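Working notes, beginning with the structure itself.
All values reported here derive from a predicted model rather than from experimental measurement. Basis for what follows: all heavy atoms, side chains included, without hydrogens, waters or symmetry-related copies.
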Amino acid sequence: MKTRFPIPGQRIVRSVIAVWCCMAVYFLRGRQGALFYSIVAALQCIQPYTANMLKVGRNRIIGTLTGAFWGSIMLFIELTRVGGQYEENLLHFLLLGVFTGIVLYSTVLLDIRESSYFSCVVFMSVALNHIGDENPGLFIFNRTMDTILGVVVGIFICSLHFPRLRDRDTLFVSGVDHVLFRKDRQLTPFTKVEINRFLQDGIRFSVSTKQTPATVRELLAGISLRLPIIAMDGAVLYDLNTRKYIFTEKMETDLAALVTAFLNRHGMPFFVNTIEDDLLVIFYRTYPNHKYKKYGAPASSGLQRSSEQPPAIGAGVSASAPDTAAASPEQQTSGGAGVSASALEAMYRLYLKKNVSPYRNYVRVKHDVTENVLYILVIDKKERIRALYDEFLRQPWADRCRAAFDTFDCGEGEEILRIYAASATRAAMLEKLRVYVGAARTVTFGPVPGECDVLISDAGGDIFVKELKKRFEPVSLRGWKNMLRL
């Protein structure tokens with residue numbers, strides 16, 4: 001088996017340099033103070049993000065000063081009480097506990113709760129470990145100076161960068177599936193840190209995906225996207241921060257009626273995704289005279305098999321309907337056929353998984369919904385979906401629609417078919433986004449040749465974020481002003 005050893009990242013390299021710098025300062029000071037405290041403070045300040053770096057440095061300094069102050073007070077009381085000679089007795093330990101509470105309470109009064117831990121560590125170092133020193137005041141001074149020097153070194157090293165230009169005029173748009181994610185649908189820590197850092201540095205970055213805004217929010221948790229995203233395969237432009245739909249491309253009412261009637265004729269249940277007052281509302285039909293089958297929830301949903309009657313989307317076929325599970329694809333999509341049992345089961349599993357999100361609203365209805373429709377979703381076995389699609393293409397109104405296939409969130413051998421208005425395309429919504437944000441140009445990243453500017457054939461190895469970095473902040477001496485960034 002081959003073992004892959006990743007190249008050390010910037011945080012490791014900067015940490016090594018920070019340790020060397022602390023050692024250099026220690027020798028320049030004539031080996032005064034405690035090198036240990038400088039190194040610890042510097043390492044704590046080596047953070048992925050600038051805001052975190054400054055926050056940790058601030059907390060470390062304030063915590064040290066607070067702890068040193070109360071340590072000095074206790075030191076004065078103890079040495080004055082016993083005439084300049086420390087004695088370890090019961091009163092000392094009682095005072096130690098009381099002053100610990102005072103230290104913590106002072107961080108609350110000063111609204112520096114984040115510094116409470118550092119304050120207590122410094123206080124205990126003075127009042128417990130060094131109160132018996134020949135010159136404990138010198139320890140307090142060196143402890144404070146060493147921490148401040150370490151923080152300064154850490155912040156300086158963390159703020160120093162190569163000279164880079166930054167392209168803030170271009171809108172960079174990435175696909176999600178097979179571009180940002182690995183095969184396990186997870187972002188690597190490096191990708192997450194780098195994208196957030198780019199966002200802090202002013203990059204104009206967004207994503208374009210087939211999924212709903214709710215799915216994007218779940219998948220990209222931890223990435224602070226600031227621009228609206230292109231979702232639902234170009235049907236909407238959505239702002240994740242304000243939770244508003246900026247632009248939408250809806251089906252015309254008569255077209256939605258034609259599509260739903262077509263699916264009903266062919267015994268195919270479906271979800272109708274609509275926008276109602278900036279809310280994603282997903283409608284599904286009830287099926288009268290059908291017996292309910294109690295499908296167990298998929299293992300990944302974390303739900304147990306229920307003895308209660310499930311929603312109608314989990315219904316089985318009626319007793320009088322043909323056994324669509326055993327019928328051929330042609331029979332299963334022919335007019336007058338019963339509702340596909342496998343499609344109902346697939347829809348039920350999808351419902352169980354998605355309904356837990358507060359950003360989706362499922363509504364069961366007894367009639368077809370044809371207003372404010374963004375797209376219609378069908379899920380079933382792949383061969384049935386393909387047979388249905390072939391029949392769909394033969395409809396006289398098919399050129400008014402656009403269909404797309406997907407296997408995201410599908411079970412074994414299943415496929416999703418989404419039907420949109422023909423005008424709902426990613427390219428059209430990308431142009432609207434470019435104009436909306438005032439970008440001069442766009443650069444797109446994707447996995448399909450001919451559909452993007454930069455082809456990402458493999459989402460592994462952080463290829464996307466490395467390609468994005470080359471284009472957003474190339475190394476150049478003209479970017480010398482960006483070498484020091486706080």
Side-chain angles (χ1 to χ4, degrees), residues 8-29 31-72 100 103-126 129-130 139-164 166 189-190 192-202 222 224 473 481-486:
Q10 284 195 37
R11 191 171 184 180
I12 295 176
V13 175
R14 291 178 187 276
S15 296
V16 172
I17 296 173
V19 170
W20 287 341
C21 289
C22 287
M23 291 178 177
V25 172
Y26 174 70
F27 280 100
L28 290 174
R29 293 178 62 200
R31 299 188 181 184
Q32 296 295 318
L35 178 60
F36 170 80
Y37 296 113
S38 293
I39 291 177
V40 169
L43 291 177
Q44 286 181 323
C45 291
I46 305 297
Q47 297 288 324
Y49 307 124
T50 302
N52 289 352
M53 168 192 72
L54 295 175
K55 183 178 180 180
V56 170
R58 170 183 173 273
N59 290 346
R60 184 74 191 195
I61 291 176
I62 294 177
T64 299
L65 292 174
T66 304
F69 172 77
W70 289 113
S72 301
T100 300
V103 171
L104 292 171
Y105 187 58
S106 64
T107 61
V108 174
L109 292 179
L110 296 172
D111 196 22
I112 52 171
R113 294 174 179 82
E114 299 88 350
S115 305
S116 59
Y117 171 76
F118 301 125
S119 299
C120 287
V121 169
V122 175
F123 170 75
M124 288 295 177
S125 296
V126 174
N129 290 341
H130 294 275
F139 168 76
I140 295 175
F141 174 79
N142 285 332
R143 176 76 166 80
T144 304
M145 287 300 300
D146 292 334
T147 298
I148 293 175
L149 287 173
V151 168
V152 171
V153 168
I155 290 178
F156 175 76
I157 296 300
C158 206
S159 302
L160 199 60
H161 299 269
F162 287 113
R164 293 181 181 274
R166 293 199 175 88
F190 177 75
K192 187 178 295 186
V193 168
E194 285 294 279
I195 291 179
N196 279 328
R197 187 178 64 78
F198 296 156
L199 291 168
Q200 285 184 351
D201 291 339
S224 304
E473 50 174 23
K481 293 182 180 179
N482 295 323
M483 291 183 64
L484 189 64
R485 182 173 66 250
L486 293 174

Mind checking the [atom1]-[atom2] spacing from [X] to [Y]? Nearest 0.5 Å is all I need.
{"X": "Ser115", "Y": "Ile62", "atom1": "OG", "atom2": "CD1", "value": "5.0 Å"}
{"X": "Phe156", "Y": "Ile17", "atom1": "CZ", "atom2": "CD1", "value": "10.5 Å"}
{"X": "Arg58", "Y": "Ile155", "atom1": "CZ", "atom2": "CD1", "value": "11.5 Å"}
{"X": "Ser224", "Y": "Lys192", "atom1": "OG", "atom2": "NZ", "value": "10.5 Å"}
{"X": "Ser119", "Y": "Asn59", "atom1": "OG", "atom2": "CG", "value": "9.0 Å"}
{"X": "Arg113", "Y": "Asp111", "atom1": "CZ", "atom2": "CG", "value": "5.5 Å"}

Tell me the closest heavy-atom pair linking [X] and [Y], and the distance in Å.
{"X": "Ser125", "Y": "Tyr37", "value": "OG-OH, 4.4 Å"}
{"X": "Glu473", "Y": "Arg164", "value": "O-NH1, 2.7 Å"}
{"X": "Val151", "Y": "Gly57", "value": "CG1-CA, 3.7 Å"}
{"X": "Val153", "Y": "Ala18", "value": "CG1-O, 3.8 Å"}
{"X": "Ser38", "Y": "Cys22", "value": "O-SG, 3.6 Å"}

Judged by atom type as modelled, is there a donor-acceptor pair below 3.5 Å linking the side chain of Thr66 to the main-chain atoms of Gly63?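 The answer is no, because no donor-acceptor pair under 3.5 Å joins these two groups.
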
Side-chain (Asn142) to main-chain (Gln32) donor-acceptor, under 3.5 angstrom: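 Here the side-chain-to-backbone pair does not exist.
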
Go through the structure and list residues passing ring pair (Phe, Tyr, Trp, His ring centres under 6.0 Å) with Phe198, not counting sequence neighbours.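 Expected list: Phe472.
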
Side chain to side chain contact (heavy atoms under 4.5 Å, CB included) evaluation trace for Thr100 with Met124: CA-CA 8 Å; Thr100 300; Met124 288 295 177; 3.1 Å; yes

Side chain to side chain contact (heavy atoms under 4.5 Å, CB included), that's the test. Do Thr64 and Arg60 meet it? Break it down for me. CA-CA 6 Å; Thr64 299; Arg60 184 74 191 195; 4.3 Å; yes

Write out all pairs satisfying salt bridge (charged side-chain N to carboxylate O under 4.0 Å, His left out) with one or both partners inside residues 142-151, taking only residues at least two apart or from two chains.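 Qualifying pairs, neighbours excluded: Arg29-Asp146.
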
How about CZ on Phe141, more than 12 heavy atoms from neighbouring residues, nucleotides or ligands closer than 6.0 Å, or not?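 No, because the 6.0 Å sphere around CZ of Phe141 holds 12 heavy atoms or fewer from other groups.
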
Show, in sequence, the C-alpha distance, side-chain angles and deciding distance for Val126 and Ser72, and conclude whether the side chain to side chain contact (heavy atoms under 4.5 Å, CB included) test is met. CA-CA 8 Å; Val126 174; Ser72 301; 5.7 Å; no

Which pairs count as side chain to side chain donor-acceptor pair (under 3.5 Å) when at least one residue sits in residues 11-21, sequence neighbours excluded?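 Applying side chain to side chain donor-acceptor pair (under 3.5 Å) to every pair that reaches into residues 11-21, excluding sequence neighbours, yields Gln10-Arg14, Arg14-His161.
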
Where do Trp70 and Ser106 land on the side chain to side chain contact (heavy atoms under 4.5 Å, CB included) test, with the steps shown first? CA-CA 10 Å; Trp70 289 113; Ser106 64; 3.4 Å; yes

